[in-house]
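Below is one structure, written out as structure tokens, with a few remarks after it.
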Amino acid sequence: MPASVPQLVALVILAMLPMNRRRREATLEEMFSDPVVRAMMEADGVNPHELATMLQQVAQRLRTARRGDEIPEDD
């Protein structure tokens, strides 16, 4: 079952904390390897593979929409 929006926001905020030191966005692999993020995902019943797949699909849809090939739809 996917995490709720507040849970996803919390994961993103946690993942961004180390980003400030690196001056770049964290990769999914880096975010999912963080022990705090992994503990939160486990506690919330988030499957990291399902979440990564969903985020990659959203990223692809956004890239496609930016090129003007299609308008993203709300599912």
Side-chain angles (χ1 to χ4, degrees):
M1 172 183 294
S4 68
V5 172
Q7 291 166 334
L8 289 175
V9 169
L11 287 172
V12 170
I13 290 170
L14 284 172
M16 290 174 62
L17 293 175
M19 178 187 73
N20 292 330
R21 291 189 291 265
R22 291 190 307 268
R23 301 277 186 212
R24 65 175 176 80
E25 291 184 20
T27 65
L28 287 178
E29 183 179 325
E30 290 169 334
M31 285 188 272
F32 292 168
S33 67
D34 182 279
V36 174
V37 172
R38 290 185 66 80
M40 287 183 60
M41 290 174 68
E42 186 175 332
D44 291 336
V46 175
N47 180 313
H49 300 292
E50 289 177 10
L51 180 58
T53 298
M54 180 190 70
L55 293 173
Q56 290 165 348
Q57 290 170 347
V58 169
Q60 180 59 45
R61 290 179 68 193
L62 289 173
R63 283 190 295 272
T64 301
R66 285 188 188 129
R67 288 194 312 259
D69 296 343
E70 72 176 50
I71 298 172
E73 300 174 12
D74 289 332
D75 290 327

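Counting from 1, the numbers follow the sequence of the chain as shown.
Defined by atom type and a distance below 3.5 Å, a donor-acceptor pair is present between the side-chain atoms of Thr64 and Gln60.
Using modelled atom types, one side-chain atom of Asp34 and one backbone atom of Val36 make a donor-acceptor pair closer than 3.5 Å.
Val58 has its side chain out of reach of Arg61: every pair of non-hydrogen atoms, C-beta onward, lies at least 4.5 Å apart.
Contact detail for Arg38 and Phe32: the closest heavy-atom pair is CG-O, 2.7 Å.
Distance check: Leu51 CG to Met31 CE gives 8.5 Å after rounding to the nearest 0.5 Å.
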